[in-house]
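Have a look at the structure below, then the notes.
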Amino acid sequence: MNVAILENDHRTVKILEDLLKKISATIKVVCKIESIEKSLLWFETNPNPDLILLNTTLSDGSSFEIFKSKVILSPLIFVSSTNEFAIQSYKLNCVDYLLKPIKKEEFQFAFNKFNFIFNNSETLNSSLNNSNISIKKIYKSRFLIKYGDTILFKNIEEIAYFYADEKVVYLVCHNGRKFIIDYNLEAIEKQLNPLIFFRINRKLMVALSSIQKIKSLFNNRLQVFLKPGFEKDVFISKERSSAFKCWLDI
């Protein structure tokens, strides 16, 4: 695994390197860069790393200037002495935003989030690795629905959950309205932002905003209460509960 560090404080660079070594000996720091100018030059001539650790401020200005000049696919973990740029960071491919001084537990948690989100997908497309082009994944923002002789669209923010009943898949809105859609859950799962939606079981995918309450049960199982209410009790198996809890804490 290749990691780039964009940081102008040498003490912080050393701390980040030490933390990465404690996580895994297989992690390779491919560059340590202190400026915007050198960062842009490096990205022009090198494949995108699997992860970038970066300060919000580098020696010659704001690190956000890098992303105005080049679209970078790599996930980002920001490290900063101020929370001033936290909201701005999440407009990029940001996994977490850590404040200095860096705490080992917080860094480990941020790295776990990165693993959870990205370890099942290729961080970079091999055809782009040696080019000057990088593409950020774009998730579906709305669904078209045929309703009688009318075509509607529902924005992601309106959707509470999707569920499958036999061979039919339904989209359920926060207002309780339900629509049939021409997708299966597997196709839907690939198109949705994993920070917002979670596949609870074989038949149900929920939005974080639809979860009203969670109850712990015997043997590490969980019961989830949705709003609007689902027609059946919703349970998460022992095997899925750890991933679900991690998703909730992202």
Would you check if Val169 and Tyr183 make a side-chain contact, meaning some heavy-atom pair closer than 4.5 Å?
no
Any side-chain to backbone donor/acceptor pair from Asn93 onto Leu73? Under 3.5 Å, distance only.
yes
Can you pull the salt bridge (charged side-chain N to carboxylate O under 4.0 Å, His left out) pairs that have at least one residue in residues 154-168, sequence neighbours excluded?
Lys154-Glu158
Who passes side chain to side chain donor-acceptor pair (under 3.5 Å) against Asn112, sequence neighbours left out?
Gln108
Tell me if a side-chain donor or acceptor on Ser80 pairs with a main-chain N or O of Asn55 at a distance below 3.5 Å.
no
Between Phe179 and Leu152, is there a side-chain heavy-atom distance shorter than 4.5 Å?
yes
Centroid separation under 6.0 Å, is that true for the rings of Phe85 and Phe78?
no
Can you find a heavy atom in the side chain of Asn201 that is under 4.5 Å from one in the side chain of Ile236?
no
Hey, what else clusters with Phe153 if you join Ile, Leu, Val, Met, Phe, Trp, Tyr whenever side-chain heavy atoms sit under 4.5 Å?
Leu144, Ile151
Is any side-chain heavy atom of Asn83 less than 4.5 Å from a side-chain heavy atom of Leu99?
yes
Would you please name every residue forming a side chain to side chain contact (heavy atoms under 4.5 Å, CB included) with Asn184, sequence neighbours left out?
Glu186, Ala187
Those residues at least two apart in sequence (or on a different chain) that pass side chain to side chain contact (heavy atoms under 4.5 Å, CB included) with Ser237 are Glu239, Arg240
Is it possible for you to say whether Phe235 and Tyr161 belong to one hydrophobic cluster, with membership spreading through side-chain heavy-atom contacts below 4.5 Å?
no
Please check if the side chain of Thr45 supplies one atom and the backbone of Leu41 the other of a donor-acceptor pair under 3.5 Å.
yes
Lys104: what forms a side chain to side chain contact (heavy atoms under 4.5 Å, CB included) with it, not counting sequence neighbours?
Leu19
Verify whether the ring centers belonging to Phe109 and Phe114 lie closer than 6.0 Å.
no
According to salt bridge (charged side-chain N to carboxylate O under 4.0 Å, His left out), does anything in residues 7-27 pair up with another residue at least two apart or in another chain? List the pairs.
Glu7-Lys100, Asp9-Arg11, Lys14-Asp18, Glu17-Lys32
Set of side chain to side chain donor-acceptor pair (under 3.5 Å) partners for Glu65, sequence neighbours left out:
Lys68
Residues Tyr163 and Lys178: side-chain donor-acceptor under 3.5 angstrom
yes
Output the distance between atom CD (Glu37) and atom CD (Glu34), rounded to the nearest 0.5 Å.
10.0 Å
Quick one: side chain to side chain contact (heavy atoms under 4.5 Å, CB included) partners of Ile180, sequence neighbours excluded?
Val168, Tyr170
Listing, residues 209-234 side-chain donor-acceptor contacts under 3.5 Å, not counting sequence neighbours, or none:
from, atom 1, to, atom 2, distance (Å)
Ser209, OG, His174, NE2, 3.1
Ser210, OG, Ala160, O, 3.1
Ser210, OG, Ala207, O, 2.7

Between Pro194 and Trp247, which heavy-atom pair has the shortest distance, and what is it?
O-NE1, 2.8 Å
With the side chain counted from C-beta on, respond yes when Lys28 and Met1 share a heavy-atom pair under 4.5 Å apart, and no when they do not.
no
Do the non-hydrogen side-chain atoms of Thr56 and Tyr97 ever get within less than 4.5 Å of each other?
yes
Closest non-hydrogen atom pair between Ile36 and Gly61, with its separation
CD1-C, 3.6 Å
Applying side chain to side chain donor-acceptor pair (under 3.5 Å), can you list everything that pairs with Asn2, at least two apart in sequence or on another chain?
none
Does Ser24 have any side chain to side chain donor-acceptor pair (under 3.5 Å) partners at least two apart in sequence or in another chain, and if so, which?
Thr26
Hey, does the side chain of Ser74 reach the backbone of Leu51 with a donor-acceptor pair shorter than 3.5 angstrom?
no
I want to know whether Phe64 and Phe67 have ring centres closer than 6.0 Å.
no
Is any side-chain heavy atom of Val29 closer than 4.5 Å to a side-chain heavy atom of Leu20?
yes
Is there a side-chain contact between Ile181 and Ile188 in this structure, where contact means two heavy atoms from C-beta onward sitting under 4.5 Å apart?
yes
